[in-house]
J.: 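Have a look at the structure that comes next, please.
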Amino acid sequence: MKYWLFKSEPDDYSIRDLATAPEQTAKWDGIRNYQARNFLRDQVSLGDHVLFYHSQCKHIGIVGTAEIVRAAYPDPAQFDENSKYFDPKASFETPRWFCVDIKHQTSFKREISLARIKANPALAEMVLLKQGRLSVQPVTEQEWQAIMAMAER
DNA sequence: GCCAACGTTGGC
DNA sequence: GCCAACGTTGGC
């Protein structure tokens, strides 16, 4: 069992959108960064747990959790000429980008703000704080437990 | 809206 | 393969 942190701009897609989606499930597509792609394609597995993070908004932080309900498959948007995620260099034979499906698990009453994350010594080594721009990133079990201890349901 | 950090592109 | 130019992310 592994743990991850997925970033989303809530104006684009929020934890509330996920919680109210059909079957509380969504396709996590549009990832167009190679490092994030490699995690999605090679390491994110069915049943893994996800911290849902809101970026570029008023209340930046971790807002809930989700679970991987489908492992990596080619992101259909790369083949769609009308999508902003279209990639002319991708083909069905050699897809370049991948997505997974996630299902909502919990929404926190209050977000665990970035400021509180930075203030917690147990979280000092989080990839979130080390590598600010990575939108799919691993989380250790210890970090997961520390986050859960801070969360109000 | 600004700007730092960092990823990507493309000329050489 | 290097590196400058450029684009994007994301906190503030």
Side-chain angles (χ1 to χ4, degrees), chain A residues 2-21 26-44 48-68 71-102 104-140 142-152:
Chain A
K2 294 186 295 302
Y3 302 93
W4 305 96
L5 182 146
F6 286 8
K7 285 184 191 172
S8 186
E9 298 177 30
D11 288 347
D12 225 37
Y13 200 87
S14 70
I15 186 99
R16 192 177 166 73
D17 292 326
L18 182 61
T20 56
K27 177 169 54 181
W28 207 253
D29 61 356
I31 299 297
R32 293 295 180 269
N33 165 285
Y34 287 104
Q35 211 181 341
R37 189 279 309 267
N38 292 348
F39 281 130
L40 277 186
R41 187 190 56 190
D42 305 333
Q43 295 194 47
V44 174
D48 282 359
H49 294 300
V50 175
L51 297 171
F52 198 108
Y53 180 90
H54 281 175
S55 67
Q56 309 223 63
C57 58
K58 192 167 180 191
H59 298 288
I60 296 166
I62 298 166
V63 292
T65 63
E67 184 182 347
I68 304 296
Y73 58 100
D75 181 346
Q78 70 194 304
F79 309 124
D80 177 2
E81 280 187 48
N82 298 315
S83 169
K84 67 171 174 171
Y85 298 119
F86 176 64
D87 184 342
K89 292 178 185 161
S91 69
F92 286 103
E93 293 74 29
T94 55
R96 179 177 290 201
W97 307 110
F98 290 80
C99 58
V100 298
D101 289 352
I102 66 171
H104 177 266
Q105 274 191 316
T106 58
S107 292
F108 300 156
K109 250 184 205 164
R110 184 164 69 104
E111 85 279 3
I112 300 171
S113 68
L114 181 59
R116 285 165 68 209
I117 293 168
K118 286 179 177 171
N120 185 340
L123 300 176
E125 296 302 314
M126 272 193 90
V127 177
L128 181 69
L129 304 182
K130 300 278 175 183
Q131 219 179 321
R133 302 183 47 186
L134 189 57
S135 61
V136 170
Q137 51 180 261
V139 171
T140 68
Q142 290 82 352
E143 289 162 353
W144 175 276
Q145 298 301 346
I147 294 288
M148 291 306 115
M150 294 170 83
E152 305 165 50

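Because the structure is predicted, anything quoted here is derived from the model rather than measured.
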J.: Establish, with yes or no, whether the OP1 or OP2 oxygen of C/dG11 is under 4.0 angstrom from a side-chain nitrogen or oxygen of A/Tyr53.
T.: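 A/Tyr53 to C/dG11 OP1/OP2: side-chain N or O found under 4.0 Å.
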J.: Looking only at the aromatic ring of each residue, does the gap between the centers of A/Tyr34 and A/Trp97 stay below 6.0 angstrom?
T.: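 For A/Trp97 and A/Tyr34, the ring centres are under 6.0 Å apart.
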J.: Tell me whether the side-chain N/O atoms of A/Lys7 come closer than 4.0 Å to OP1 or OP2 in C/dG10.
T.: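 Looking at the OP1 and OP2 atoms of C/dG10, one of them is under 4.0 Å from a side-chain N or O of A/Lys7.
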J.: Let me know which of A/Trp28, A/Tyr3, A/Trp4 forms a ring pair (Phe, Tyr, Trp, His ring centres under 6.0 Å) with A/Phe39.
T.: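 Result: among A/Trp28, A/Tyr3, A/Trp4, A/Trp4 is the only option passing the ring pair (Phe, Tyr, Trp, His ring centres under 6.0 Å) with A/Phe39.
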J.: Looking at C/dG10, C/dG11, B/dT8, which one has an atom nearest to any side-chain atom of A/Ile60?
T.: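 Nearest listed nucleotide: C/dG11.
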J.: Provide, to the nearest angstrom, the distance between the CD atom belonging to A/Gln137 and the P atom belonging to B/dG7.
T.: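 Rounding to the nearest Å, CD of A/Gln137 and P of B/dG7 are 12 Å apart.
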J.: What is the distance, to the nearest angstrom, from the CD atom on A/Gln35 to the P atom on C/dT8?
T.: 19 Å
J.: What is the distance, to the nearest angstrom, from the CG atom on A/Leu134 to the P atom on C/dT8?
T.: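 The distance from CG of A/Leu134 to P of C/dT8 comes to 18 Å, rounded to the nearest Å.
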J.: Passes side-chain hydrogen bond (donor to acceptor under 3.5 Å, both in side chains), A/Gln131 versus A/Gln35? Steps please.
T.: CA-CA 11 Å; A/Gln131 219 179 321; A/Gln35 211 181 341; 2.9 Å; yes
J.: Check each of A/His104, A/His49, A/Gln105 against A/Glu67 using the side-chain hydrogen bond (donor to acceptor under 3.5 Å, both in side chains) test, and report the only one that passes.
T.: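 It is A/Gln105, the one option of A/His104, A/His49, A/Gln105 that forms the side-chain hydrogen bond (donor to acceptor under 3.5 Å, both in side chains) with A/Glu67.
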J.: Which whole-number value in Å describes the distance from A/Asn33 CG to B/dA5 P?
T.: 18 Å
J.: Roughly, in whole Å, what's the span from CG in A/Asp87 to P in B/dT8?
T.: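 A/Asp87 atom CG is separated from B/dT8 atom P by 12 Å.
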J.: Which pairs count as salt bridge (charged side-chain N to carboxylate O under 4.0 Å, His left out) when at least one residue sits in residues 71-80 of chain A, sequence neighbours excluded?
T.: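 Those involving residues 71-80 of chain A are A/Arg32-A/Asp75.
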J.: Would A/Tyr53 and A/Phe6 count as a ring-ring contact (aromatic ring centres under 6.0 Å, His included) here? Give the steps.
T.: CA-CA 6 Å; A/Tyr53 180 90; A/Phe6 286 8; over 10 Å; no
J.: What is the distance from NZ of A/Lys58 to P of B/dG1, rounded to the nearest Å?
T.: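 Spelled out: NZ on A/Lys58 to P on B/dG1 is 17 Å.
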J.: Rounded to the nearest 0.5 Å, what separates atom NZ in A/Lys7 from atom CD1 in A/Ile31?
T.: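 The CD1 atom of A/Ile31 is 10.5 Å from NZ of A/Lys7, to the nearest 0.5 Å.
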J.: Starting from C1' on C/dG10, measure out to CD1 on A/Ile62 and report it in whole angstrom.
T.: 15 Å
J.: Using atom CG of A/Leu129 as one end and atom P of C/dC12 as the other, report the distance to the nearest whole Å.
T.: 10 Å
J.: Nearest to the side chain of A/Gln131 - C/dG10, B/dT8, B/dG7?
T.: B/dG7
J.: By a strict heavy-atom criterion of less than 4.0 Å, which residues belonging to residues 115-126 of chain A are in contact with DNA chain C?
T.: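 Within residues 115-126 of chain A, the residues near DNA chain C are A/Lys118.
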